[in-house]
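Working notes for the structure below.
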Number of protein chains: 2
Amino acid sequence: MDLSIRKQKILKAAVELYVQSGMPVGSRAICEALDFPVSSATVRNELSDLSELGLLEQPHTSAGRLPSARGYRFYVDHLMKKRLLSGEERRVIDSLLLSSAYDPEKLLTSVSKALAALTRCAAVSTTPGGNAAVIRAVQFVQTSRRTAMVVLISSAGTMKTRVFHCDFDITPEILRVFFRTLNEKLVGRVLADITPALIQGLAASLGEMAILMSSALMAVLDVARESAEADVCLMGESNLLFCPEYEGSGVRRILDFLSRPEELTRLLLEGTGTRVLIGRESRRPELYASSVVISRYAIAGRDAGAIAVIGPIRQDYGRVIAGIEYLAGSVGTMLTELLDAE
Amino acid sequence: MDLSIRKQKILKAAVELYVQSGMPVGSRAICEALDFPVSSATVRNELSDLSELGLLEQPHTSAGRLPSARGYRFYVDHLMKKRLLSGEERRVIDSLLLSSAYDPEKLLTSVSKALAALTRCAAVSTTPGGNAAVIRAVQFVQTSRRTAMVVLISSAGTMKTRVFHCDFDITPEILRVFFRTLNEKLVGRVLADITPALIQGLAASLGEMAILMSSALMAVLDVARESAEADVCLMGESNLLFCPEYEGSGVRRILDFLSRPEELTRLLLEGTGTRVLIGRESRRPELYASSVVISRYAIAGRDAGAIAVIGPIRQDYGRVIAGIEYLAGSVGTMLTELLDAE
DNA sequence: AGTTAGCACTCTAAAACATCGAGTGCTAAA
DNA sequence: TTTAGCACTCGATGTTTTAGAGTGCTAACT
């Protein structure tokens, strides 16, 4: 689509004014915002053309214009100028992230929180996860006479714990044997391979201990399964409540969608780089009234997880993209360092 | 306050019809709900009396009646019949709780979730916590070459972990020394005693290792502090969005309140047994339009933490109380067993 | 004396209608 | 090609009307 410079400037002004005010913008307002002198009538003619091209729309005949999905698309692709976060903003984010730097789970919680606060939308992040990851270590910690905690560390950087309970007193001896056996058999194995069948087999090699420690084995299975699926951390849903665009039943639909972690994961992991999905582009009916900005983060140069912002279509995309890319970069770096240190 | 049997029955019907329908109830509707034959005119006379006693109110002259705060109070204190959860409901709750039985944190998350689902309100629970609790064990688990996790188990049943990072490679040796020293010095100590000063002193006795492991000491301090404060788990806030009584700005106020964990903790821990705070009774202006039902749970017979439901004043109190008491009982039993096993 | 039918009265919610004004599209002149 | 001018459109806002649910009171009834 080829637009004259003037049309582009007018479209840009229209999008930005609308994003700022939330109300359809009229020719007069645009007139005043342009950096060259032109009458409102001229602007009206141009607006009429832009409407015909499907870049702008009118709620009704005598209202101002607002960007259509295509309009936003064009804006994002061609008109938006990349903005950077202010030093202040970066400082705040950095200090927030640093406080949870060495625990990938907590790190991603912090990321979601920061992103939600920055954009005043819902923010999601997935842990690195992935079935391809490999078990790096299995550790046991006794937590009381008859309970202990299994800690599973994967090559994807996740660290999961689970507490289990036995019907007899746990001794350091037992844990040690258990630890040795499990590390021998499990370290280096792909997470997806930890199936009930495998655990069954493992039980066999443990002999009579297997019966005693069946709850421990279940815990290992559980925790492996949990590590395998990239889990998602959602924050700031309540921000959406205060967007006028979700008045009434609209909130329900989107909150419903957000409450389904599998769907969220699928959405987040389906592309690469930074993507902006406007309205129907996400192909999720529940998100037809929303936009999603997704950015993948990489660990040691390989795609690992993703972070995303979900909010109304009316967004300051420049700002959101700046924020999300900064965060994706930071997370990538931090997790890379964390894993490189191995 | 002494009411004739008939007045009591009428008040009961009024409360229950209003709770069910959400609309002011008229004399006709009450008429039909009563188990003895009486005309609407008679009911009207009684209603008039009940209004004068301040138990019912009218939104405007020609509307039906709805319970005032005092009306609900009377209902809860004298009219409500204790209901029990259905077998089905108990089954669902039990299985949900069992899945996280041995980790107090997860258990309380499950409790909040169950309670929120059951009541369609916001639900909160506090972990046993308490400054009086004593450190039972400090454990270390290496999680990568330069990171490790500290696990702190308190006598209150809490178990907290924190990952820390060192600038040199951690060896099992180092962790062992560290483990020994810390257990020697810290086990049996009251959580509230773990101050920066104490840690400082501890560092001295570690000699040169203290410098290497300063981040580990910080982590211990951190995790002790976190264990000391009973932390709260809030779930189901979004349920409140769908209550008609919180239309508009009302949501904001209550969500604000719910987002302040210290205030929530204070509210939950301020009494004993099961308490029903209706409207202003909570003495929190942000909750004047809400009711809170709180139940303490006990570990080994001693008050430990609390769980609560926060929602609109228009509540099926019988149901909420049944649910919360069942859950408080279950949690108490489970945690008692868990700690008794020591 | 307590209960009830009957009725006038009250007050809101919903519908119908009137008005205002922002913003458009078109026309004709510059 | 641009712009001033103007008739026109259509939602937002405010006002009036109407309908109906529910009350309180009175007077008759048991």
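To find a chain, count down the sequence lines: A is the first, B the second, and so on, and within it residues start at 1. These numbers come from a predicted model, not from an experiment.
- DNA chain C is contacted by both B:Val38 and B:Pro59; B:Val38 maps to the nucleotide lying nearer its 5′ end (nearest heavy atom per residue).
- One finds no side-chain N or O of B:Ser39 lying less than 4.0 angstrom from the OP1 or OP2 phosphate oxygen of C:dT3.
- In summary, B:Asp77 and B:Arg73 engage in a salt bridge, as defined by a charged side-chain N under 4.0 Å from a carboxylate O.
- C:dG23 atom C1' lies 15 Å from atom CG of A:Leu17, rounded to whole Å.
- A straight line from CD of A:Glu32 to C1' of C:dG23 spans 14 Å, rounded to a whole angstrom.
- Taking atom CG of residue B:Asn45 and atom C1' of nucleotide D:dA27, one finds them 14 Å apart after rounding to whole Å.
- Phosphate proximity of C:dC11 to B:Thr61: present, with a side-chain N or O under 4.0 Å from OP1 or OP2.
- Side-chain N/O atoms of A:Arg44 include none lying less than 4.0 angstrom from OP1 or OP2 on D:dA4.
- Atom CD1 of B:Ile30 is separated from atom CZ of B:Arg44 by 11.0 Å, given to the nearest 0.5 angstrom.
- Following rounding to the nearest Å, B:Arg6 (CZ) and C:dA1 (P) show an atom-to-atom distance of 16 Å.
- Checked by atom type, the side-chain pair B:Ser291/B:Tyr317 shows a donor-acceptor distance below 3.5 Å.
- The line from OG of B:Ser51 to CD of B:Glu46 is 11.5 Å long, rounded to the nearest 0.5 Å.
- Rounded to whole Å, atom P of C:dT24 lies 12 Å from atom CG of A:Leu50.
- For B:Ser62 against D:dT23, a side-chain-to-base donor-acceptor contact under 3.5 Å is absent.
- Heavy-atom nearest nucleotides on DNA chain C were determined for B:Thr42 and for B:His60, and the one closer to the 5' end corresponds to B:Thr42.
- Between the CZ atom of B:Arg65 and the C1' atom of C:dT12 there is a distance of 16 Å, given to the nearest Å.
- Regarding A:Lys7, its NZ atom lies at a distance of 10 Å from the P atom of D:dT1, rounded to whole Å.
- The distance from atom CD1 of A:Ile310 to atom CG of A:Leu267, rounded to the nearest 0.5 Å, is 6.0 Å.
- At whole-Å resolution of the value, CD in B:Glu52 and C1' in D:dG24 are 12 Å apart.
- Backbone-only contact: A:Ser27 has heavy atoms under 4.0 Å from sugar-phosphate atoms and none from a base.
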